[in-house]
Amino acid sequence: MPLTQPPSSQSLPEDPYIWLEDTYSQRALDWVEAENAASAARLEAEPTYQAAYDEAFAIVSSEDRIATPGFRHGMIYNFWKDGDHLRGIWRRTTLASYRSDAPEWETVLDIDALGKEEGRSWVYKGVTCLRPEDTRCLLRLSDGGEDAVEIREFDLRTKSFVESGFFLPKGKSDAVWLDEDTLLVSTDFAGDGADLTSSGYPNVVKRLKRGQPLSDAVELFRGEREDVSSSAAVLRDNNGNVLPLIVRAPDFWNRRFHLLDGDDVTPIALPSQSSTVAMIDSRVVVHLSQDWSVGGKTFEQGSIVSITLDDLRADPANLSPRLVWAPGPSEAFESVTNTANRLVLSILDNVSGRILTFTPLADGGWEQSSLDLPGNLSIHLVSSDEDSDLLFLNAKGFTTPDTLTLVDAASGETEVVKSLPAKFDASDLVVEQKWATSTDGTKIPYFLVHKKDVKMDGTTPTLLYGYGGFQVSMTPGYSAIIGKLWLEKGGAYALSNIRGGGEFGPAWHKAGLETKRQIIYDDFAAIAEDLIDSGLTSRDHLGMMGGSNGGLLTGVEMTQRPDLWNAAVIQVPLLDMIGISRIGAGASWQGEYGNVNTDPEALAFWLERSPYHALKAGTDYPVPFIYSSTKDDRTGSAHARKFAARMKELGLPYEYFEQTEGGHAAGADPKQEARSWALTYTYLTRQLMGE
């Protein structure tokens, strides 16, 4: 009988491991230490471990990596980690020097030295500088890799923190520049949680003037307690226009936009499933994730539209958008940037990258052009210069190392500036795009990389990667770790483009939203079956990997279809889908997964599929490698801990490793990253490359 009322807490499954949700309790940390020691002892004793570690460390700390460039007021900035700078240095050089074979870098801030000086385990989390001068910046520092950050004002002219400058204590805070002496801030102002949502994100936006304590900041907007967040955004264009906005997020996928004018906050009639992505030539550029019918026209989901700044300010309730770009049947929007005079879009076409440029016309329209770039690769926007029409693009493929190209968006001229040297032998590899058929008949694409002379006798060790959520697209990329630690050793690698992602636009994502999510898991299983049916591999040699939402994917597949897998790498996962709202930032994702606390249909769906609850004794599950981080305040380490504890209770074998730092990543420095990857691929080698 279907549930018609949310069940009482007494009717929910008992949770004997809720104590593992207390992240830093001594009991929980003792449990982690024991589990780490047991799994590390087994995996580090494997004959392949030390070579895997050495290879991984050489990759993540190598000096010949491309230093990712960022334009900033006539200079090129880069954040760099290596064996001598484990936490990294923020540095800069000129464009001319960067284009040379040996750039002359000037250190702006040494994070290792700062951490040593202050006795803190600082991790750099990015910087926001005030345009157009780009001299005053808000620098974000994390303790050990958490999402929570400390925000400090930094002066690029003196290369030092500003004495008595803007400062926000540790929190999941946000701050944007309104002008040199004013910030729009969203944080836990009193430090007592009153200004946070149930998801743990700020719910209040205030204006903070230079020299003011946080307690004196002026409140401008307050959302609802059950929202995901409220925050400010400030758009600037090449004409000197400044557009302050306040954005309320009632859930993960819906937004309520407001125009901020002094103390006045006025709603803007933008669709709730949309995002403001740029402002150029006095036009606000918007990406639509839903159809928008306005002024007798309908703009389809996935499109890019523009609204003049004058129209938006004059009447925010009645907007007159113009179409910039609409996707074709196989196309999807990926990202956008702008130079001084051009709007630049990165799109996918059957999961291959293309770059389009748009020139604003005097009549309010747009002129479209395409850049002449190699096909069948992933092409990503890296950085654009708002003081010129230059931008950097990165192109790569599974067997094609990264190539950094400098582009003049006005003329279309391109220049290859940097190329990553080959990090593994790809001479005998082939890349295919294949299609599997899911349970509803939909064709699901995936990429497959394998040896040219592979034997189709079911013995090829094969690793299938998946994510399937949050409209995130999985695109071809050059991974030296996968190449060196897996492909070179005879393994095959498959990358899935299952529903829930954004590979074919918003509709591809929405097909698996909330309680429709089973189709995502069916898609992934269909690819596994296709790999087996083709003769490439078999259950004994097939493994899967996924992190975060992808960790939920692998957890569901392991418990739902144990007949398909002999290995499951479950990274920084979501696994307790009944208790998700109280762990990490889990309450913020109810727009993606449904709300089990208020929706009986969502509760019934996840009671059947939540991996933590689906484990059963006596089942022939693959032995999983469960990976987490103590400092992960996004998904939270409790999901991984409780899943492992439940497996131990049931007498089921598993491997567990929890980094003490790193947050929602593989580690906080190259040594931690190398150990994570070495443990992972040693495990995969043991599980899938044996007889």
Side-chain angles (χ1 to χ4, degrees), residues 128-134 174 176-180 182-184 205 207 220-221 230-248 255-290 292-297 299 303-326 333 335-345 356-368 384-389 391 409-410:
T128 305
C129 300
L130 176 60
R131 292 274 304 153
E133 291 82 5
D134 274 338
D174 195 20
V176 294
W177 293 99
L178 186 58
D179 57 49
E180 187 173 354
T182 314
L183 300 182
L184 299 178
V205 179
R207 182 175 56 239
L220 300 169
F221 183 85
S230 290
S231 60
V234 178
L235 302 179
R236 289 178 166 82
D237 73 358
N238 48 323
N239 296 330
N241 293 303
V242 179
L243 180 66
L245 302 172
I246 290 178
V247 185
R248 174 188 165 220
R255 302 288 182 270
R256 303 288 186 266
F257 296 90
H258 303 80
L259 178 66
L260 177 63
D261 184 7
D263 290 342
D264 296 330
V265 179
T266 306
I268 304 173
L270 285 171
S272 63
Q273 293 182 24
S274 65
S275 54
T276 54
V277 292
M279 189 164 75
I280 181 173
D281 197 43
S282 305
R283 307 179 203 188
V284 179
V285 181
V286 178
H287 172 237
L288 303 176
S289 291
Q290 67 179 83
W292 186 17
S293 295
V294 58
K297 298 178 182 178
F299 301 93
S303 297
I304 302 294
V305 299
S306 65
I307 302 159
T308 68
L309 192 55
D310 287 344
D311 285 350
L312 189 148
R313 284 174 168 162
D315 192 356
N318 294 285
L319 303 176
S320 301
R322 293 284 297 264
L323 181 67
V324 180
W325 173 81
F333 166 78
S335 62
V336 64
T337 190
N338 64 273
T339 62
N341 304 292
R342 297 291 187 277
L343 186 71
V344 185
L345 260 61
L356 307 176
T357 64
F358 296 84
T359 305
L361 302 176
D363 65 358
W366 298 83
E367 181 181 24
Q368 177 180 324
S384 60
D385 185 10
E386 294 183 42
D387 296 317
S388 73
D389 283 312
L391 70 148

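Values in this document were obtained by computation on a predicted structure and should not be read as measured data.
The distance from atom OG1 of T357 to atom CG of L343, rounded to the nearest 0.5 Å, is 9.0 Å. T339 contributes atom OG1, which lies 5.5 Å from atom CD1 of I280 (distance to the nearest 0.5 angstrom). To the nearest 0.5 Å, the span separating CZ on F221 from OG on S231 amounts to 10.0 Å. Between L288 atom CG and Q273 atom CD the span is 10.5 Å, to the nearest 0.5 Å. How far NE2 of H287 is from CD1 of I304: 5.0 Å, rounded to the nearest 0.5 Å. Once rounded to the nearest 0.5 Å, the distance linking OG1 of T359 with CG of N341 reads 8.5 Å.
For the 3.5 Å distance criterion, the side chains of S274 and W292 fail to qualify, holding no donor opposite an acceptor.
The shortest distance between side-chain heavy atoms of Q290 and S272 falls below 4.5 Å. The shortest distance between side-chain heavy atoms of I307 and L270 falls below 4.5 Å. For the pair I268 and L319, the minimum side-chain heavy-atom distance is below 4.5 Å. Between V176 and T128 there is no side-chain heavy-atom pair separated by less than 4.5 Å. Counting only heavy atoms from C-beta outward, the side chains of T276 and L243 never approach each other to under 4.5 Å. Using a 4.5 Å heavy-atom threshold, the side chains of W325 and W366 count as separate. When side chains are defined from C-beta on, D261 does not count as touching T266, because their heavy atoms never get closer than 4.5 Å. The closest side-chain heavy-atom distance from L220 to L184 is below 4.5 Å.
Judged by distance alone, with hydrogens and angles left aside, the side-chain atoms of D237 form a donor-acceptor pair with the main-chain N or O of S282 at under 3.5 Å. The main-chain N or O of G364 is found under 3.5 Å from a side-chain atom of R283 such that the two form a donor-acceptor pair. At distances below 3.5 Å, at least one donor-acceptor pair connects side-chain atoms of S384 with backbone N or O atoms of N338.
Among residues at least two apart or in separate chains, there is no salt bridge (charged side-chain N to carboxylate O under 4.0 Å, His left out) pair with a member in residues 305-320. Sequence neighbours left out, not one pair with a member in residues 317-326 passes salt bridge (charged side-chain N to carboxylate O under 4.0 Å, His left out).
The heavy-atom pair separating L323 from S303 by the smallest distance is CD1-CB, 4.1 Å. Minimum interatomic distance between H258 and V265 (heavy atoms only, all atoms of both residues): CB-CG1, 3.5 Å. Heavy-atom minimum distance, L130 versus W177: CD1-CB, 3.4 Å. Minimum interatomic distance between L259 and P316 (heavy atoms only, all atoms of both residues): CD2-CG, 4.1 Å. Contact record, D134 with C129: OD1-CB, 3.5 Å, taken as the closest heavy-atom pair.
For R248, the salt bridge (Lys or Arg N to Asp or Glu O under 4.0 Å) partners at least two apart in sequence or on another chain are D227. Legend: residues meeting salt bridge (Lys or Arg N to Asp or Glu O under 4.0 Å) with D385, ordered by chain and number and at least two apart, are absent. In this view, R255 satisfies the salt bridge (Lys or Arg N to Asp or Glu O under 4.0 Å) rule with no residue, not counting sequence neighbours. For D263, the salt bridge (Lys or Arg N to Asp or Glu O under 4.0 Å) test picks out R207, with sequence neighbours left out.
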